[in-house]
Amino acid sequence: MKPKRILIIGGVAGGASAAAHARRLSEETEIIMFERGPHVSFANCGLPYFIGGEISDKSDLLVQTPESLRARFNLDVRVLSEVKEINPKERWVRVFNHQNNEEYRESYDDLIISTGASPLKPPIPGIDHPAHFSLRSIPDAEAILDWIETNKARRAVIVGGGFIGLEMAEQLQRRGLQVAVVEALSQVMAAFDPEMAAWLHQELKVNGVDLRLNDGVSAFIAPQADEGHQSIVELKSGARLPADLVILGIGVRAESQLALQAGLETGKRGGIRVNNMLRTSDAHIWALGDAIEVTDFVTGEAVMVPLAGPANRQGRIVSDNIFGGNEIYAGTLGTAIVRVFECSAACTGASEKTLQRLNLSYEKVYLHPASHANYYPGGSRIAMKILFDPKTGKLLGAQVIGKDGVDKRIDVLATALKSGLTMHDLEALELAYAPPFGAAKDPVNLAGMVAQHVVKGEIKNAHWNELDQVASNQQVLLDVRDEDEREEGCIQPSLHIPLDELHERMQELPRDKEIIVYCQTGQRSFFACRQLALSGFKVKNLSGAYRTWKVMQEK
């Protein structure tokens with residue numbers, strides 16, 4: 001039997017993973033990988049940290065080289081080789097070699113498309129300028145560093161408040177530049193809900209970043225010779241931001257043009273359509289990574305999720321299936337994390353915005369537990385938002401933001417989501433505990449407990465965005481914090497009875513109105529709600545309490 005011949009278009013996470021796994025499945029198969037850039041397998045997620053100097057040696061970003069892949073896996077890796085055409089009928093690709101400017105064809109038995117995604121570049125006047133950069137590759141990072149050094153750049157404007165935008169804001173400030181972040185939406189990090197993104201807005205401002213929200217770019221203007229800057233970013237509000245360097249972090253678009261020209265099916269957003277085995281509409285062509293549409297694990301809709309982790313797993317699945325496997329890609333959770341100065345922000349599963357858009361039933365809770373035992377030094381509070389099915393208690397999504405322990409909690413929650421666990425299951429999880437690392441009731445356990453109260457009907461919640469609807473003749477707000485906490489700020493109008501005085505002062509509360517109770521983080525107000533409910537009052541607990549409400553007042 002003739003050995004298989006597999007061609008792979010594109011390296012980095014997905015393509016390189018597919019190639020290496022294919023070799024582990026077959027020694028006889030000929031495997032050729034084409035990469036139009038100079039590096040076949042590099043850590044593109046590490047590029048901002050190379051620019052900021054946290055990663056000092058460029059070689060640390062090179063996961064594999066053509067030489068190492070050839071030596072270890074006997075792969076034929078061809079860099080600076082761009083595939084220009086796919087012919088599915090005759091099963092060949094046309095390749096342009098950028099080193100010698102020659103074209104040639106290679107035939108295949110199976111073809112894997114791992115072309116990734118390219119930065120969006122909208123038709124904004126003046127966008128093409130030597131001082132304007134996108135960041136997707138090592139040469140991009142080197143060009144940015146060279147520009148900063150050569151032009152003694154002092155001011156940077158970052159267009160877009162997504163992962164790359166916020167990472168670059170942190171790292172350019174680390175290099176000593178003054179940084180502004182411009183975002184056309186009302187929040188950074190669109191994957192998060194607004195009241196969670198508000199914590200990131202705070203962190204950016206505290207660290208001196210000039211954050212401009214709800215204000216897109218209308219034009220890039222060339223400055224006058226005596227103005228001393230390379231570019232001026234004009235916003236739709238009319239504001240003008242001088243810049244020596246502009247980073248375009250507006251988003252990415254699937255590199256699916258090759259597939260489209262070959263007649264393969266693509267989706268509404270331009271991603272290559274694949275089945276659950278990652279096969280395209282052609283039986284001999286497979287696709288993976290940022291170039292494809294995937295199924296959202298929670299909602300079932302077709303989405304584009306450009307993340308390295310899923311791309312790696314997809315590479316293994318494709319190779320298994322090429323060699324007769326029956327591996328299924330069950331969908332993407334969208335689990336992700338970003339560091340913004342001293343703060344980490346992570347999410348998994350569906351956001352409230354997504355659930356609302358799809359008209360799916362859900363309930364939510366907020367909590368602000370300590371990252372580890374209160375009595376152990378160095379802890380800090382984390383903000384958590386948990387979304388779940390109100391009938392079954394099944395986890396639908398989670399967002400976690402804080403200075404410590406965020407990665408640990410989001411990984412547990414992502415595992416729970418993948419496993420179909422409920423709020424009861426979260427409450428019952430047995431997680432590692434010692435004072436430096438957590439608490440006897442871990443924040444994940446607490447999230448399950450808080451949500452369980454809602455699922456069981458033990459408590460009804462009010463939320464931060466409902467307080468301006470409080471009708472004084474039907475509802476009252478009750479603050480059960482201590483006096484010193486109230487003096488530092490409160491929600492007005494509200495009554496004030498500290499929790500420890502509630503038993504003795506219940507007669508001060510109206511029985512003909514609904515009472516919305518709040519404290520600083522939600523625990524004391526829950527205790528108060530139970531006391532009041534058992535005494536015959538109509539009550540709701542303000543989920544997320546004063547902390548969640550306050551961060552939205554400061555956004």
Side-chain angles (χ1 to χ4, degrees), residues 13-14 113-118 120 162-163 185-194 196-197 250-256 259-260 264-281 286-314 317-318 321 327-338 345-364 385-399 410 413-422:
I113 300 176
S114 178
T115 43
S118 57
L120 285 172
F163 287 95
L185 300 176
S186 60
Q187 65 170 86
V188 300
M189 297 300 292
F192 290 77
D193 290 317
M196 300 302 286
I250 304 169
V252 295
R253 176 186 289 115
E255 289 259 19
S256 57
L260 193 64
L264 302 181
E265 292 181 10
T266 56
K268 291 180 180 179
R269 299 188 181 185
I272 303 169
R273 280 188 174 160
V274 294
N275 63 15
N276 59 10
M277 296 178 71
L278 303 176
R279 194 194 300 265
T280 70
S281 53
W286 312 74
L288 52 85
D290 297 359
I292 68 170
E293 279 189 351
V294 294
T295 299
D296 185 290
F297 184 83
V298 176
T299 68
E301 66 176 335
V303 292
M304 306 288 295
V305 185
L307 294 171
N312 269 294
R313 292 191 295 278
Q314 291 161 9
I317 289 171
V318 164
N321 290 338
E327 295 294 319
I328 300 299
Y329 186 70
T332 298
L333 300 178
T335 307
I337 189 168
V338 64
C347 60
T348 190
S351 66
E352 184 175 6
K353 291 182 294 186
T354 297
L355 295 171
Q356 286 179 338
R357 174 173 56 82
L358 297 175
N359 199 29
L360 296 175
S361 178
Y362 71 93
E363 183 55 89
K364 61 182 176 180
K385 180 177 184 177
I386 307 295
L387 297 144
F388 55 94
D389 186 297
K391 293 181 180 178
T392 66
K394 186 177 178 180
L395 180 63
L396 300 175
Q399 298 165 39
I410 205 66
L413 290 163
T415 303
L417 183 58
K418 181 75 171 179
S419 303
L421 300 189
T422 67

Listed by chain and number, what are the side-chain hydrogen bond (donor to acceptor under 3.5 Å, both in side chains) partners of [X], not counting sequence neighbours?
{"X": "Glu363", "answer": "none"}
{"X": "Thr299", "answer": "Asp296"}
{"X": "Thr354", "answer": "Ser351"}

Measure across [X] and [Y] and return the closest heavy-atom pair with its distance rounded to 0.1 Å.
{"X": "Pro306", "Y": "Val252", "result": "CG-CG2, 4.0 Å"}
{"X": "Val188", "Y": "Ala197", "result": "O-CB, 3.5 Å"}
{"X": "Gly14", "Y": "Leu288", "result": "CA-CD1, 3.4 Å"}
{"X": "Ala398", "Y": "Ile410", "result": "O-CD1, 3.9 Å"}
{"X": "Ala336", "Y": "Leu307", "result": "CB-CD2, 4.3 Å"}
{"X": "Ala291", "Y": "Glu255", "result": "CB-O, 4.1 Å"}

Taking only residues two or more places apart in sequence or in another chain, which ones pass side-chain contact (heavy atoms from CB on, under 4.5 Å) with [X]?
{"X": "Asn275", "result": "Met277, Arg279"}
{"X": "Ala414", "result": "Leu333, Thr335, Thr348"}
{"X": "Glu293", "result": "Arg273, Ala302, Met304"}
{"X": "Ala287", "result": "Ile113, Ile272, Val274, Thr280, Ile292"}

Please examine the side chains of [Y] and [X], heavy atoms only from C-beta on, and report whether any two atoms are closer than 4.5 Å.
{"X": "Thr422", "Y": "Leu395", "answer": "no"}
{"X": "Val303", "Y": "Val294", "answer": "yes"}
{"X": "Tyr362", "Y": "Leu396", "answer": "yes"}
{"X": "Pro390", "Y": "Ser361", "answer": "yes"}
{"X": "Leu413", "Y": "Ile386", "answer": "yes"}

Exercise for the section: Provide the full list of salt bridge (Lys or Arg N to Asp or Glu O under 4.0 Å) pairs with a residue in residues 347-357, sequence neighbours left out, each pair given once. Expected result: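 Passing the test, one end in residues 347-357: Glu301-Arg357, Glu352-Lys364, Glu352-Lys385.
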Exercise for the section: Would you check, one step at a time, whether the test side-chain contact (heavy atoms from CB on, under 4.5 Å) holds for Tyr329 with Asn276? Expected result: CA-CA 5 Å; Tyr329 186 70; Asn276 59 10; 5.7 Å; no
Practice task
Just do the side-chain contact (heavy atoms from CB on, under 4.5 Å) check on Leu417 and Val298 with the steps written out, would you?
Solution key: CA-CA 9 Å; Leu417 183 58; Val298 176; 4.0 Å; yes
Practice task
Verify, without hydrogens or angle tests, whether Asn359 (side chain) and Leu355 (backbone) share a donor-acceptor contact under 3.5 angstrom.
Solution key: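 Side chain of Asn359 to backbone of Leu355, a donor-acceptor pair under 3.5 Å: no, none is there.
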Handout entry: Set of salt bridge (charged side-chain N to carboxylate O under 4.0 Å, His left out) partners for Lys394, sequence neighbours left out
Key =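 Partners of Lys394 by the salt bridge (charged side-chain N to carboxylate O under 4.0 Å, His left out) criterion come out as none, since no residue qualifies.
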